[in-house]
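If you're wondering where the values come from, they're calculated on a predicted model, not measured in any experiment. Quick note on labels: first sequence line is chain A, next is B, and so on, each numbered from 1. Because only heavy atoms are used, hydrogens play no part in the values below, and waters and symmetry mates are left out as well, while side chains stay in.
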Amino acid sequence: MAAEYSKEEIKRIEEKWRNEWKKREVYKVSNDSKKPKFYALDMFPYPSGAGLHVGHPLGYIASDIVARYKRLKGYNVLHPMGFDAFGLPAEQYAIDHGIHPAVSTAKNIENFKKQLANIGFCYDWSREVQTCDPKYYKWTQWIFLQIFDSWFNRKKEKAERIAELIKIFEREGNSNHPFPNSKFQIPNSSKVLFEASEWKSFNEKTKQVILMEYRLAYLAFTDVNWCEALGTVLANDEVINGVSYRGGHPVVKRQMRQWSLRITEYAERLLKGLNEIDFSDSMKEVQRNWIGKSIGCLVRFEVKSLTPDPSPGERGKKTSEAFSLSPGEGQGEARGRETADKKYWHVLKEFSKENRKSQTKEESILWEELRNNNLGYKIRRQHSIGVFIADFVCLDRRLVIEVDGDYHKQNKQYDDARTSFLNDEGFNVIRFSNDEVNNNLKQVLSKIKSKLDNSPSIKSSLSPGEGQGEALTVFTTRPDTIFGVDFMVLAPEHELVKKITTSAQQPEIEKYLKYVESRSEVDRMAEVKKITGAFTGAYAINPLSKKEVPIWISEYVLAGYGTGAIMGVPSGDERDHKFAKYFNLPITNIIGSFYNGNEANPTYDATLENSDFLNSMKMKDAQEVVIKKVEELGIGKRQINYKMRDAGWSRQRYWGEPFPVVFKDDVPYAMKDSELPLELPPSDNFKSAGNGEGPLANLKGWIDFAPNEKRDSNTMPTHAGAAWYFLRYMDPHNENAFADKKALDYWGQVDVYIGGSEHAVAHLLYSRLWVKILHDLGYLNFDEPFKKLINQGKITGDSRFVYRLRGTNKFVSAGLKDQHQTDELHVDVNIVNGLELNTEAFKKWKPDFANAEFILEDGKYICGSAIEKMSKSYFNVVNPDDIIENYGADTLRMYEMFLGPLEASKPWNTNGIDGVFKFLRRFWNLFHDNTGNLLLSDEAPTREELKVFHKTIKKITFDIDNYSFNTSVSEFMICANELTSMKCNKRAILEPLVVALAPFAPHIAEELWQKLGHQDTIFNASFPQHDEQYLTESSFNYPISINGKVRAQMNFALDMPKEDIEKVVLASEIVLKWTEGKPPKKVIVVQGKIVNVVI
RNA sequence: GCCUGAGUGGCGGAACUGGUAGACGCGCACGACUCAAAAUCGUGUGCCUUCGGGCGUGCCGGUUCGAUUCCGGCCUUAGGUACCA
């Protein structure tokens, strides 16, 4: 059986083992094993029509090596593969070529699998998943429904079932769990809170609308990125610089009824989770930026030159006898303006004054307890709300506390009317009898306290200006600069703009609003730094300095972030500074010499000036002081904001998962588990149905499938299927659950996940979200999917160019091109050897070039070159199939690893591949004599041979554990070189060495293993372990350096004392030559490392 | 602008917590085999050099007996991100 490692032999070996592995089911993985588990996962590919180029398998090879290595190390290894098979390109292809996405997708998958098979991966194909398979997406839909059936309990910071929420509403209303979206109000009401009794009185639809506001998957009108050309909505991360990431079509903002995932509720947990997982710094940073947490402060500014035109109308009609309700007495300032009906304010004020003077005994008792922040809340008494005067009220928590005199007892009807009015105004009412106050004051107070504690603070939930007078609330991360506020800026869309604009400024504001409206997202992106704006005519009063500053509107303030309003601090903020300069607004310097008059300085280090009580304070310290101050004054509070928005989850597309819901009376209801999957109906019309409806709307019978019952015409984004596929691999054929609990618990987290960094935000965040939700609902015992993530670098292409003389069919060699007028053309890298063009192949390459003529240099045509991304249009694509054809899969695998660190991006250059091929041949030859016959010796290896072996195993084990594959390939080469020069053919060395090589070059290893006489696959063997005893040395060759430069080497025993070494070194000829006999300044001896003589 | 990486021979890249810079491979040069070429094998290969040595890890400076490695300041480059207050 003579054989050399030739092209034909490689083909034979590789094909043989691919078949044999399949036949013997070598890579089938059991869920039932006593071994420790290891889960090595690749990002599953989207099966594009273009097929694989050499860049694609890079990560797959790395994970394959890890998987095989871990298996040899005694782990039960899950290493699956599947396809992210729903998606836009297949659908676009269908529209362009009339081929159904299911057909083209299946064909592409077939092709991918063939290409992958050639490389010899150890995937357990019996676990393959395809996201477009109804058996798979049944569970994508099912998980979606679990999310739909969940809400986020902020108190517990976790998801819970909607049934749980309904119980809470039935018990206590929503005061402990206000709407996640502070702008939402109960339908047909302006209220944001409701009582248990009210919940019960709501009709079904109202209840459903309210519940929708809590669901983690919800349907709502949202601002979406609408791409007219693609006829669909795109997620924020699918829009780049105002155009679609695929195709580069313009994208505009538009309001549409869309499914969204309430990922914002998980912002903090997604952020915290990053600390527990092993992702690269840059990857974590990208996610942190995306989540965009900023800590700051809300501050309310009163609007001054407001001439309100209150329209009490309805309210005024309600009982006017109300004025005389509560007898009372006391002092107190007139803050009622904010809640009182403006028309009656002057009357109410008088009543309040009167009342305070004649307080009941019980009221006095309670007031003593409530006043001066005794409960931690600011309580006012005899405060007018609308046309009523409340006994006590906490404005921030919107709670009215009343002590009923005898009058109320006799008139229950009256109390109800009053409660209902106060509820409408957004207040909760809590009542106590005189008896309770007299006899059980403690309980009364604790009831009040708990009610207050559980009510949301209005400062966080109110939109600026809402409810109370006209005021606007800003969000700032720099409260320390509040004395530097020179103007206010509102987003053009801000609701207060209409209310505060003076008639004089009306035309200007309207003109500006028109301008803003006319600008597309693309325009805005392109001119981000352009300064525009308009003055409203109104002024705001700085709550701390009392300074009046003008209120402007401008595009640079975004409606969607913070409160849509900012305080302009030109000395400290670049944008504010430019704005002030442009519109000639004054600039107050609060940072002294830190401000140079020309540009803003956002420093935190300055000592404040012109800042009243903050003067001579460091900015850093002033931040806390100001936050405390505004909280004390009740005009602001600490606030955390996130940039991240909820994730749009609807696509106006055909080739995706249908939403498993049924609309009745415009309310979506979950389909039953037994009705899943809701299969994608067959269709040949993939064009958008217009009106923002998806292509499914073309199928009228499917959409309106029953009287008064409708389906959703949209489908889910590709992220849906990809958000949980790693769980399905654990138990891919389960028909009763997305995966069996036992399988989920056994496999747990993905131990290593390898894939491209382009999925940093979308896929990885959504996967993390889905896992967190499933964890909260009790399906998983882990809440981060990926323990470790590695981003393989991109392999770039090495392009070649030819230079054509303008207007001719003559091509000039690169070195001479500067002498002519030429056009640069890409040429197929496969017909260029190094830089030298194969001119004959070039003539055959394209008909146009059949008659090409060449101007050569030194008899050769030299091409130009450049590193670019690998792409068909650059003709620089290298197909792995071609490499395998010439060198075999083992060589391809090792060469891809040898190219450089896995995470670095690097250019592909096939030239170096010979080195790896030669190594494998040399390795093969160690086992054979020069006629190709197996020739092994059973003699005991020498100490030198053992040393080489153990050194190699040590290094390779270390390198694989650290994902440093390029250096392990080097180490194998060194080992093969050394053993070759020793002419080592000892079985005791070579047999375990084959096992070590097997993860990298499985085919050759398996063949040699068989030749060594083994029946079973090499992958059931054990990875060799190194033994330190063969590596310990008794002496060391010390480098002797003089003034840090190595001048000589001297061999000393490792246990030789420093002093002795020093003596010998100083006495040596070489050192004497440098010291010229003078005593050295200093001698450093580091045992086992170095000797340094300083002279 | 901001964030995160990276800058080492002709090229891809090594160098563990500061300790012989350039492992391994490609390329190149020379040699062997051959009539010759290819393939293969062997030797050499950071730069300069007056052959003593000098200079060298993007640049400038610092710490140290000793710095690719640590610190400060810059430059270049890749990727991410952006009127986010």
Given the 90°-from-0 boundary between syn and anti, B:rG72 should be labelled anti
A:K284 meets the salt bridge (Lys or Arg N to Asp or Glu O under 4.0 Å) criterion, sequence neighbours left out, with none
Residues at least two apart in sequence or cross-chain that pass salt bridge (Lys or Arg N to Asp or Glu O under 4.0 Å) with A:E574, listed by chain then number, are A:K578
Sorted by chain and number, sequence neighbours left out, salt bridge (Lys or Arg N to Asp or Glu O under 4.0 Å) with A:K1058 holds for none
The contact string for nucleotides 52-57 of chain B, one letter per nucleotide 5' to 3', using protein heavy atoms under 4.0 Å with B, S and - for base, sugar-phosphate only and none, comes out as -SS---
Please list, pair by pair, any protein nitrogen or oxygen found under 3.5 Å from a nitrogen or oxygen in nucleotides 37-47 of chain B.
none

Sub-3.5 Å pairs of nitrogen or oxygen atoms, protein against nucleotides 22-24 of chain B:
{"from": "B:rA23", "atom 1": "N1", "to": "A:S970", "atom 2": "OG", "distance (Å)": "3.4"}

Can you tabulate the close N/O pairs, meaning under 3.5 Å, that link protein atoms to atoms of nucleotides 71-78 of chain B?
none

Residues 1086-1095 of chain A side chain polar contacts: donor-acceptor under 3.5 Å, at least two apart:
{"from": "A:Q1087", "atom 1": "NE2", "to": "A:M1056", "atom 2": "O", "distance (Å)": "2.6"}
{"from": "A:N1092", "atom 1": "OD1", "to": "A:S1041", "atom 2": "OG", "distance (Å)": "2.9"}
{"from": "A:N1092", "atom 1": "OD1", "to": "A:G1044", "atom 2": "N", "distance (Å)": "3.2"}

Sorted by chain and residue number, the salt bridge (Lys or Arg N to Asp or Glu O under 4.0 Å) partners of A:K293 (sequence neighbours excluded) come out as A:E268
Across all chains, not counting sequence neighbours, the side-chain hydrogen bond (donor to acceptor under 3.5 Å, both in side chains) partners of A:K951 are A:E978
Where RNA chain B forms runs of at least three Watson-Crick or G-U pairs (i with j, i+1 with j-1, under 3.5 Å), the stems are B:1-7 with B:75-81, B:10-12 with B:24-26, B:27-32 with B:40-45, B:46-48 with B:53-55, B:58-62 with B:70-74
Give every pair of a protein N or O atom and an N or O atom of nucleotides 61-67 of chain B that lie under 3.5 Å apart, one pair per line with the distance.
{"from": "B:rC65", "atom 1": "OP1", "to": "A:K1082", "atom 2": "NZ", "distance (Å)": "3.2"}
{"from": "B:rC65", "atom 1": "O2'", "to": "A:N1092", "atom 2": "ND2", "distance (Å)": "3.1"}
{"from": "B:rC65", "atom 1": "O2", "to": "A:N1092", "atom 2": "ND2", "distance (Å)": "2.8"}

